[in-house]
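Following: one structure in structure tokens, then a few remarks.
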Amino acid sequence: MSATVEGLVIGGDRVAAAEGETFDVVNPATAATLASVASAGAEDVDRAVAASMAAYERWGALSPVTRGRHLHRFAALVEEHAEELALLECRNVGMPIGDARGQLGMIVDVIRYYAGAVDKFFGHTVPVERDGVAMTFREPIGVVGLITPWNFPLNIANWKIAPALAAGNTVVLKPASLTPLSVLRYAELAIEAGIPAGALNVVPGPGGTVGSALVEHPGVGKIGFTGSTEVGAGIARRAAAGIKRVTLELGGKSACVVFEDADLDKVGRLAPYGVFENCGQDCCARSRLIVQESVADEVVERYSETARNLRVGMPESPETEVGPLISAGQRETVERYVGIGLEEGARIVVGGERPNGELSGGFFYRPTVLADVRNDMTVAREEIFGPVVSVITFRDEADAVAIANDTPYGLSGSLWTRDGARQLRVARALRTGVLGVNTNSSVFPQTPFGGYKQSGIGKELGMEALAHNTELKSVFISTE
Ligand code: NAP
């Protein structure tokens with residue numbers, strides 16, 4: 001294997017793909033090639049699952065306390081290498097360096113959370129009618145196959161890897177082909193931290209072959225997937241054949257609902273970050289701005305002013321707030337949606353174009369606000385996954401809830417109002433898995449994260465992720 005090729009991680013070693021194939025990954029800010037990566041195939045998935053099954057014999061047998069200690073060492077090593085990992089993420093995803101550093105902070109926190117949580121997650125003794133003791137045990141599943149997207153590559157992989165390992169499973173991960181670099185380095189650090197060779201394997205390669213081989217592999221007990229609803233539905237169908245456990249984190253079309261009594265200054269300054277961060281490539285992006293008619297003009301003006309002034313730039317500059325889209329194809333998708341929006345009656349208030357100058361070599365697109373959108377228009381129904389927000393107006397509270405819920409998705413959202421009773425009423429009425437009130441923040445290591453409706457099945461984070469990574473056994477010991 002050439003020294004410049006990033007090998008797969010299988011059984012604790014960096015190795016070439018069995019077929020010797022490679023693929024290039026690029027920096028979306030410049031379109032320059034960043035690295036060449038070994039491209040796994042079905043045979044490599046077999047090797048990785050075999051290594052994972054062998055490692056499970058040791059890792060799964062350790063006490064939760066011991067696994068927690070290993071994970072604490074891993075967290076410390078990731079923290080030590082946070083700047084290196086943040087730079088990899090910044091260059092491969094085009095994520096502004098400040099945001100990438102923030103992601104690394106969460107990654108370390110999540111590993112520490114599960115390192116500390118796993119010995120506090122246990123079965124119960126249960127009162128029953130017969131004489132004896134009924135009890136439950138939490139046991140690992142075995143080999144967990146993970147498939148992840150390109151928008152927050154390391155953070156999302158870590159959300160899945162940390163609880164899977166903590167619970168005693170071993171892992172084979174297929175990262176998105178566009179962004180494999182950070183998780184390959186992270187897997188090396190896991191080995192350096194003393195997590196047994198084979199407990200975490202990483203096999204980059206095409207979703208259609210590597211992802212499919214993982215989903216169909218008889219040695220894999222669970223699939224954890226994050227990505228599009230379309231691919232997720234196909235994975236669920238194929239995993240059903242082997243009755244594999246499946247969790248799915250899928251697409252979104254989340255609402256930012258603004259009532260006339262909200263702090264409109266705060267809405268104007270902060271709410272745009274709820275859609276334009278990571279250039280809108282966020283499953284939680286509040287891409288529908290649903291505003292009460294009486295304040296719509298004022299909110300659109302304030303919100304658009306912030307959007308206009310967001311610093312679009314090279315991701316490695318600490319000043320940059322919005323980097324490029326991930327690929328030329330993703331930018332074309334965004335441009336096509338804006339075009340459809342205009343044809344269906346929307347109006348561009350700000351953005352709607354590529355920046356030029358030093359940014360013309362990358363896949364940049366300006367933060368875009370589309371006004372005069374109705375909730376039945378394409379830009380309000382489909383996930384654009386780019387820096388575009390659609391403004392829709394409502395009359396009263398019932399109207400706001402109806403519009404916000406009129407979507408096949410239900411992942412995230414924000415609600416802005418100073419009325420405490422309304423905060424509770426509307427928060428309960430919205431059919432969404434995650435919600436921030438008077439804030440864009442709603443994701444924490446400690447709280448469950450996941451979608452309603454077509455946004456997914458199961459939860460990441462919190463103790464719920466440990467539940468999804470374990471089997472629950474009931475044992476009755478008779479004393480009769
Ligand atoms: P995607 O096209 O569904 O790909 C996701 C992953 O699935 C990639 O690793 C991909 O591999 C793999 N894959 C593709 N086809 C496959 C197949 N037939 N069998 C098995 N695996 C397959 O999604 P994406 O474009 O990377 O990410 C964007 C989507 O992810 C958006 O819809 C977004 O909302 C969603 N997302 C959801 C969450 C959440 O937590 N709910 C978080 C982030 C993103 P390749 O890269 O090789 O194609």
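Atom set for the values below is all heavy atoms of this structure, side chains included, hydrogens, waters and symmetry mates excluded. Counting starts at 1 for both ligands and their atoms, in listed order.
Among residues at least two apart or in separate chains, ring pair (Phe, Tyr, Trp, His ring centres under 6.0 Å) pairs with a member in residues 360-391 are Trp150-Phe385. Within the structure, the side-chain hydrogen bond (donor to acceptor under 3.5 Å, both in side chains) test picks out the following pairs touching residues 15-29 (sequence neighbours left out): Asp24-Ser36. Residue pairs meeting the ring pair (Phe, Tyr, Trp, His ring centres under 6.0 Å) criterion with at least one partner in residues 427-461, sequence neighbours excluded, are Trp159-Phe449.
Protein residues with any heavy atom under 4.0 Å from ligand 1: Ile147, Thr148, Pro149, Trp150, Asn151, Ile156, Lys174, Pro175, Ala176, Ser177, Gly205, Pro206, Gly207, Gly211, Ser212, Phe225, Thr226, Gly227, Ser228, Val231, Ile235, Arg238, Glu249, Leu250, Gly251, Cys283, Glu383, Phe385, Leu411, Phe449.
Side-chain contact of Arg286 with Asn440: a donor-acceptor pair under 3.5 Å is absent, judged by distance alone. Side chain to side chain, Arg288 and Ser254 fail the donor-acceptor criterion of an N or O pair below 3.5 Å.
The distance between the ring centers of Phe121 and Tyr114 does not fall below 6.0 angstrom.
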